[in-house]
Amino acid sequence: EDPGEEIISLEELRDVNDLSPSDAAPAAPAPTGPVSQSQLAQFQSKASRAKLRFCKVCQMHQPLRTKHCRDCGRCVRTHDHHCPWVGTCVGEGNRVYFFWFLVLQWCELVAFTLES
C-alpha cells in the first residue's frame, strides 16, 4: 500500500452509496435496454456522492482507478506498473505504446536467437 494515498473503508463506501450490508451482495445484471431519464439521474446522483481517494503526495483527489507512482512521483490513471526499461509508468495514456515495445523486444529476441 502506498503511503501517499488515503483509502476509504467499505463501511464509508456503503454509507456513501446508501447500501446496507445485506445490499452489498451482487445484484442482478443491469437491464440492457434503454435507460429512462429518472434512472440516469438517480445513477448520476449516487455516483456524484462517491468519495474519491486523496493523494497526500500530489495534494489532489484521485480520479477512479488512479494510483500514485513512487518512482515517477505523480498520479497515473489506470496505473499498471512502473517500467524501468521505458523509464515511465504504464497506464492509460501509453498502454498501446508499451504493447508495441514488448512486440519489438520479442522480435529482437527471435532475430538474435535465429542468428546464433
Side-chain angles (χ1 to χ4, degrees):
E1 187 173 297
D2 190 354
E5 65 182 79
E6 179 181 313
I7 300 175
I8 63 172
S9 67
L10 184 58
E11 288 76 25
E12 290 174 327
L13 185 61
R14 286 184 185 137
D15 292 341
V16 168
N17 292 325
D18 295 331
L19 295 175
S20 65
S22 62
D23 293 336
T32 57
V35 178
S36 69
Q37 289 293 337
S38 63
Q39 289 174 327
L40 182 62
Q42 184 180 15
F43 174 76
Q44 287 174 340
S45 69
K46 283 187 178 182
S48 67
R49 289 185 286 169
K51 292 182 182 176
L52 299 176
R53 286 189 298 194
F54 185 78
C55 178
K56 294 177 184 176
V57 177
C58 295
Q59 296 295 313
M60 62 175 262
H61 287 282
Q62 295 176 331
L64 297 176
R65 298 182 303 177
T66 300
K67 301 285 184 196
H68 183 83
C69 177
R70 295 178 195 162
D71 298 318
C72 291
R74 61 187 177 100
C75 291
V76 180
R77 277 187 71 93
T78 64
H79 183 268
D80 187 2
H81 68 283
H82 183 86
C83 180
W85 292 280
V86 178
T88 187
C89 289
V90 177
E92 184 176 86
N94 63 351
R95 188 169 286 137
V96 173
Y97 300 115
F98 183 73
F99 170 76
W100 286 111
F101 170 75
L102 292 179
V103 169
L104 291 173
Q105 290 296 309
W106 182 80
C107 291
E108 186 178 0
L109 178 66
V110 169
F112 180 75
T113 304
L114 292 176
E115 288 179 0
S116 300

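Note: hydrogens, waters and symmetry copies are ignored here, and every other heavy atom, side chains too, is used.
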> Which value, rounded to the nearest 0.5 Å, describes the distance between Cys69 atom SG and His82 atom NE2?
Replying inline: 5.5 Å
>> Going by side-chain contact (heavy atoms from CB on, under 4.5 Å), Gln62 matches just one of His79, Arg77, Arg53. Which one?
In response: Arg53
> Looking only at heavy atoms, which two atoms of Cys89 and Asn94 are closest? And how far apart?
Replying inline: O-ND2, 2.8 Å
>> With a 6.0 Å cut-off (strictly less than), is the heavy-atom count around CD of Gln59, excluding the residue itself, greater than 12?
In response: yes
> Which pair of heavy atoms, one from Val90 and one from Cys83, lies closest together, and at what distance?
Replying inline: CG2-CB, 4.1 Å
> Is there a chain of hydrophobic side chains (I, L, V, M, F, W, Y, each step under 4.5 Å between heavy atoms) that links Val103 to Phe98?
Replying inline: no
> Considering only heavy atoms from C-beta outward, does the side chain of Lys67 approach that of His81 to under 4.5 Å?
Replying inline: no
>> Between Arg95 (side chain only) and Thr78 (backbone N and O only), is there a donor and an acceptor less than 3.5 Å apart?
In response: yes
>> Hydrophobic cluster membership, with links at side-chain heavy-atom distances under 4.5 Å among I/L/V/M/F/W/Y: are Leu104 and Phe101 in one?
In response: no
> Linking I/L/V/M/F/W/Y whenever any side-chain heavy atoms sit under 4.5 Å apart, do Leu114 and Trp106 land together?
Replying inline: yes
> What closest approach, in Å, do Cys75 and His68 show between heavy atoms, and which atom pair accounts for it?
Replying inline: SG-ND1, 3.7 Å
> So how far is it from His61 NE2 to Thr66 OG1, rounded to the nearest 0.5 Å?
Replying inline: 13.0 Å
